[in-house]
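In what follows, a single structure is set out as structure tokens and then discussed.
When reading the values below, keep in mind they use all heavy atoms of this one structure, side chains included, and skip hydrogens, waters and symmetry mates. Proteins get letters first, then strands, A, B, ... in listed order; numbering begins at 1 in each.
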Number of protein chains: 2
Amino acid sequence: MVARYERIADELRSEIIAGAHPVGSQLPSEAELAGRFGAARGTVRQAMAVLAAEGLVGSRQGARRIVLGRTRSQSFAELHSFAQWARANGYRFGGQVITSRRRPASGAESARLASEEVLEVLRLRSLEDEPVLLERTVYAGWVAPAVERLPAGCESVTEALYESIGLVFAYGEHLIDAVPAGTRDAGLLGVRRGSPLLRQRRVTTTHEGRPVESSDDRYRAGSVAFSIRNSIGANPLVRQAGDLRLGPREHMFES
Amino acid sequence: MVARYERIADELRSEIIAGAHPVGSQLPSEAELAGRFGAARGTVRQAMAVLAAEGLVGSRQGARRIVLGRTRSQSFAELHSFAQWARANGYRFGGQVITSRRRPASGAESARLASEEVLEVLRLRSLEDEPVLLERTVYAGWVAPAVERLPAGCESVTEALYESIGLVFAYGEHLIDAVPAGTRDAGLLGVRRGSPLLRQRRVTTTHEGRPVESSDDRYRAGSVAFSIRNSIGANPLVRQAGDLRLGPREHMFES
DNA sequence: AAGTGGTCTAGACCACATG
DNA sequence: ATGTGGTCTAGACCACTTA
């Protein structure tokens with residue numbers, strides 16, 4: 001059952017991508033669209049909120065909505081699964097577990113994951129047959145058994161955990177910065193020591209807010225980039241900062 | 001005039017931050033909140049959308065909303081102004097123009113900025129008396145005169161342009177990755193050549209979708225981090241990717 | 001002055017979660 | 001079975017942009 005506002009958003013998105021509404025042009029008014037789609041104005045507004053969140057259109061009180069762009073793609077929601085992202089974009093990808101061991105949680109980890117014992121897994125993932133990502137993931141104790149049962153060459157941990165124990169990675173918090181490659185990072189990723197890596201630290205929770213994992217992912221420079229769109233005013237697209245630990249002289253930009 | 005849903009969101013946010021609704025706990029139902037605030041359910045839902053976008057609460061059909069976090073801060077919307085971000089967070093900051101010159105637009109620039117002649121400005125910005133950011137900004141021809149009139153030590157270009165010509169940087173698109181410092185970058189930022197820099201490329205437009213500037217900002221590693229929250233399902237927090245050029249073997253994660 | 005998006009109401013029905 | 005959030009309607013008023 002697809003919601004009506006989703007279908008309206010889909011149709012308008014298609015029109016924008018097809019060029020029926022060029023970038024910079026005005027969209028029809030909400031009243032016109034409501035008439036055209038036989039929907040209430042509120043439903044049309046819900047559809048427009050979707051397009052605004054995608055960065056396709058912008059709005060301001062009193063003036064018609066404007067087309068801001070015509071590119072469309074996967075959502076950041078898939079970001080916590082490397083495999084799903086790579087597959088959706090048609091890339092060849094692979095991965096292998098380097099090490100996997102249980103150990104007591106550090107102070108910060110036990111606070112973040114609400115867990116005394118954790119499972120630390122180091123995975124190396126490749127894109128188009130080149131190593132691009134080193135994933136150092138720490139799982140909360142309650143998911144450790146399910147993770148250990150996974151085959152070593154498991155393509156998508158996210159999907160496998162959903163199928164085995166119905167686990168959904170619902171919310172995530174991400175901290176993105178740049179770090180130099182350490183000796184081990186450099187060896188595994190095939191770069192020189194000290195060369196730039198794009199680091200993404202994240203904490204993931206279930207729908208209920210229960211912490212699942214905390215991860216430190218490092219990408220070889222030049223292999224991936226993160227994309228964000230923002231706007232001021234209009235929709236409350238405001239997001240918010242995290243409680244991952246920062247260095248003493250490190251500051252944070254928030255999204 | 002503050003909207004009712006904003007006041008409701010403010011009050012619930014305060015309660016969450018104060019600990020009245022601990023992380024992991026359920027919020028009152030929409031009906032209860034509607035009764036408490038004397039508002040319609042739709043208004044309460046609008047308030048909840050604000051909190052969800054801030055990453056404070058999560059929701060799923062059929063179950064009560066859950067508190068996901070209790071940290072609150074500035075929005076990503078301020079990200080396009082280094083000065084505003086630094087001031088809001090109470091940091092000492094400064095900046096100076098290194099070079100400023102007009103030149104013909106390259107092919108990519110004329111497409112991005114819809115402009116044949118551009119103004120390129122190189123600025124070095126400091127935080128807590130240390131150089132942290134090298135900003136290489138290319139302005140569209142139509143804003144060049146206003147930018148050139150700014151004093152060299154101008155703290156906030158964004159604010160100054162708003163006051164001088166009423167210009168609002170309304171929408172932005174950002175691409176974030178890591179790059180090694182070049183010789184010049186290294187000298188200005190006081191780091192070794194080849195050391196990691198966090199790069200943020202962006203294109204900014206007005207409310208009307210008119211391109212204003214395109215910028216390549218490089219932060220010293222360890223000085224700043226970007227923070228993002230995401231969720232699946234529920235609200236359409238989905239955003240979307242850009243048309244900034246990527247390298248031949250570079251891929252993109254989108255938000 | 002007219003048109004447009006932003007806010008708000010009061011109701012309805014449905015899909016889903018939970019006991 | 002009950003309660004919850006998700007969707008949708010039909011109308012109203014206001015703030016703002018535009019001409």
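Residue B/E32 contributes atom CD, which lies 11 Å from atom P of D/dG3 at whole-angstrom precision. With rounding to whole Å, A/L33 atom CG is found 17 Å from C/dG3 atom P. Taking atom CZ of residue B/R64 and atom C1' of nucleotide C/dC16, one finds them 15 Å apart after rounding to whole Å. If you measure from atom CG of B/L27 to atom C1' of D/dG3, you get 16 Å, rounded to the nearest angstrom. Rounded to an integer number of Å, the gap from B/Q46 CD to C/dG5 P is 16 Å. Between the P atom of D/dT7 and the CZ atom of A/R45 lies a distance of 16 Å, rounded to the nearest Å. A straight line from CD of B/E30 to C1' of D/dG3 spans 12 Å, rounded to a whole angstrom.
Residues passing the side chain to side chain donor-acceptor pair (under 3.5 Å) test with B/E32, sequence neighbours excluded: B/S29, B/R64. For the side chain to side chain contact (heavy atoms under 4.5 Å, CB included) test, residues two or more places apart in sequence or in another chain that qualify with A/E11 are A/E15, A/R36, A/F37. Evaluation of the side chain to side chain contact (heavy atoms under 4.5 Å, CB included) rule for A/V97 yields A/S100, A/V121, A/R123 as partners, not counting sequence neighbours. For B/S14, the side chain to side chain contact (heavy atoms under 4.5 Å, CB included) criterion is met by no residue, not counting sequence neighbours. Remark: A/E30 engages A/R41, A/R45, A/R65 in a side chain to side chain donor-acceptor pair (under 3.5 Å) (not counting sequence neighbours).
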(message) Can you build the contact string for nucleotides 12-19 of chain D? Use B for base contact, S for sugar-phosphate-only contact, and - for no protein heavy atom under 4.0 Å.
(response) B--BBSS-
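Nearest nucleotide to the A/R4 side chain, out of D/dT4, D/dT9, D/dG6: D/dT9. Closest to the side chain of B/Y5, from the set D/dC8, C/dG5, C/dT7, is C/dT7.
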(request) Show your reasoning for whether side chain to side chain contact (heavy atoms under 4.5 Å, CB included) applies to B/L12 and B/L56. (result) CA-CA 10 Å; B/L12 290 172; B/L56 293 180; over 6 Å; no
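Ring orientation note: the planes of B/Y171 and B/H207 are nearly perpendicular, at an angle over 60° on the 30°/60° scale.
Within the 4.0 angstrom heavy-atom criterion, no nucleotide atom of any strand lies near A/G58.
One finds no side-chain N or O of B/T43 lying less than 4.0 angstrom from the OP1 or OP2 phosphate oxygen of C/dT7. Checking the phosphate oxygens (OP1, OP2) of D/dG6, a side-chain nitrogen or oxygen of B/R65 falls inside 4.0 Å.
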